[in-house]
S.K.: 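Can you read through this structure? Questions will come right after.
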Amino acid sequence: MNEKAWSSVKEEIEATRDTTIADYFASDPKRADRFTIEAAGWTLDFSKNRLSPRLFDMLVNLAAASGVREEAAKMFSGEKINRTENRAVLHTALRNCKPGAQVFVDGEDVMPRVRAVLDRMAAFSDAVRSGKWRGFTGKRIRNVVNIGIGGSDLGPAMATAALAHFSKRSIRCFFVSNVDATHLAETLRSLKPAETLFIVASKTFTTLETMTNARSAREWLVKGLGSEEAVSRHFAAVSTNAAEVSSFGIDTANMFEFWDWVGGRYSLPSAIGLSLMISIGPANFRRMLRGYWRMDEHFRKAPLARNMPVVLALLGILYSNGWGAESYAVLPYDQYLARFPAYLQQLDMESNGKGVDREGRKTTCSTGPIEWGEPGTNGQHAFYQLIHQGTRLIPCDFIGFCRSHNPVGDHHDKLCANLFAQTAALAFGKSAAQCRAEGVPEELVPFKTFEGNRPTNTLLAEELTPATLGALIALYEHKIFVQGVIWNIYSFDQWGVQLGKVLAGDVLPALSSAEPPAPGRFDQSTDALVRRYREARGLKV
Ligand code: F6P
């Protein structure tokens with residue numbers, strides 16, 4: 001981190017250590033307004049933070065001194081900022097809605113190809129939705145099964161659930177990711193092959209889980225329909241790797257392309273979103289892209305102090321690096337966003353879970369936090385106890401909407417009353433004096449007291465729509481980017497996932513070979529586990 005700018009931040013944190021969120025509100029009747037930003041259909045209220053106006057200025061200065069603006073400009077312009085993989089990082093080009101926009105990678109304007117793939121996706125989605133695209137036996141497609149994992153699963157799975165209100169209900173979408181056959185088997189149990197379309201989504205088209213599931217799905221289909229010829233009517237692919245797609249046996253006419261400058265966890269607005277597009281239709285998909293783009297434009301242009309992703313990033317750094325918080329919770333008060341925390345886990349933790357800086361040295365500051373969460377109000381009856389009264393500091397992002405797509409009775413008012421009340425309870429708590437005034441017996445006062453001073457951000461939009469969802473995703477993408485810049489780490493590679501994959505490849509043959517592996521083939525513990533597994537399965541040990 002920029003030492004000079006960070007040491008000013010640290011000094012101010014120390015100087016204000018004993019000032020509480022309640023103190024800040026008491027001394028500033030305009031605090032809620034001062035610390036509220038609007039962008040792309042979203043309002044961010046960050047007033048309930050341990051944040052003096054002076055500390056805020058210093059944090060903004062940290063962003064400026066770290067070169068956030070300059071680094072963002074490099075990303076948007078197609079510079080190869082993913083240095084360890086020598087790639088541009090251009091998920092923003094996928095949703096660039098500016099008429100006639102040009103974005104260059106290696107001297108080539110990528111926008112015509114981006115638009116062409118979107119058009120092909122739209123034509124295919126329309127055909128499936130309208131019933132023009134028929135299965136091998138002439139039946140309409142009723143089920144779409146996306147087979148992918150990580151970024152090729154979490155984005156479309158999250159967004160398809162999030163936008164279910166906009167979906168064509170006569171087509172059901174399923175997402176199979178785990179190599180555990182149970183995932184595929186339980187999904188296919190109620191499906192008819194003649195009405196099922198598989199989308200094999202994989203950037204590399206070599207991922208073990210996806211290829212294993214895709215092969216088994218293919219067998220299920222061919223067995224069910226009695227002909228290899230059925231595959232071309234029931235399988236589409238989304239990938240950067242045409243050679244692997246065709247060697248798998250999927251007609252490349254049914255392949256939707258994307259490019260190495262789209263990171264897996266940033267790929268929802270690419271062809272990886274095909275299952276989502278089939279579900280909500282091309283027009284809604286484009287509305288989502290527009291929402292992303294509005295947030296991109298806000299991120300590019302708004303001053304740092306009024307820049308929503310920058311502010312969220314700085315607050316994260318305040319608690320991670322200034323207060324030692326290990327994690328943060330994302331708490332959507334909307335059932336449709338149930339998968340949003342899981343989606344963010346990959347986005348954040350695969351991006352910024354790095355212990356080496358851009359110069360290849362061990363980082364001296366802590367980096368990517370642990371992200372977790374559940375939809376409200378479920379979390380309230382599960383883990384909020386720890387957030388309110390536990391010993392750990394857990395900053396939270398609360399996400400809510402003013403209108404529900406399911407306006408039944410007073411459910412929505414109750415939902416949002418809880419959202420607002422939780423942030424107030426966390427910030428202001430309940431003192432011992434208040435407890436006593438309410439007649440709480442003295443021996444129970446310590447247990448019923450809430451310290452408060454627990455920081456939260458509140459993100460509020462009018463309604464969950466494709467556009468507000470797109471903007472919300474872009475908000476977190478850019479937040480994570482800004483943090484990576486400030487921590488001086490590379491956010492767009494993921495070397496940490498490799499070792500386990502390679503070792504799994506070593507272990508695999510030892511689980512089924514006729515002869516047992518030689519003792520010492522692996523480490524002592526792994527040797528013992530393999531032996532136990534083989535024994536249980538009746539293999540020679
Ligand atoms: O193992 C991690 C990872 O490489 C992710 O970054 C990626 O989203 C996922 O695997 C799936 O990769 P692919 O789309 O190539 O199958």
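In each ligand, atom 1 is the first atom listed, and ligand 1 is the first ligand listed. Computed over heavy atoms, backbone and side chain alike; hydrogens, waters and symmetry mates excluded.
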S.K.: Does E85 come within less than 4.0 Å of K203, counting only side-chain N to carboxylate O?
M.R.: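 Judged by the 4.0 Å cut-off on N to carboxylate O distance, E85 and K203 do not form a salt bridge.
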S.K.: Taking C-beta and beyond as the side chain, do L274 and F285 meet within less than 4.5 Å on heavy atoms?
M.R.: no
S.K.: Between R95 and E477, does any side-chain N to carboxylate O distance fall below 4.0 Å?
M.R.: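 The answer is yes: the pair qualifies as a salt bridge.
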S.K.: What does the list of residues with a heavy atom under 4.0 Å from ligand 1 look like, ordered by chain and number?
M.R.: I149, G150, G151, S152, S202, K203, T204, T207, G264, Q346, E350, Q494, V497, K501
S.K.: Can a salt bridge be assigned to the pair R294 and E297 using a cut-off of 4.0 Å between side-chain N and carboxylate O?
M.R.: no
S.K.: Going by atom types alone, do N241 and S239 pair a side-chain donor with an acceptor below 3.5 Å?
M.R.: no
S.K.: Are a donor atom and an acceptor atom from the side chains of S491 and N352 found within less than 3.5 Å of each other?
M.R.: yes
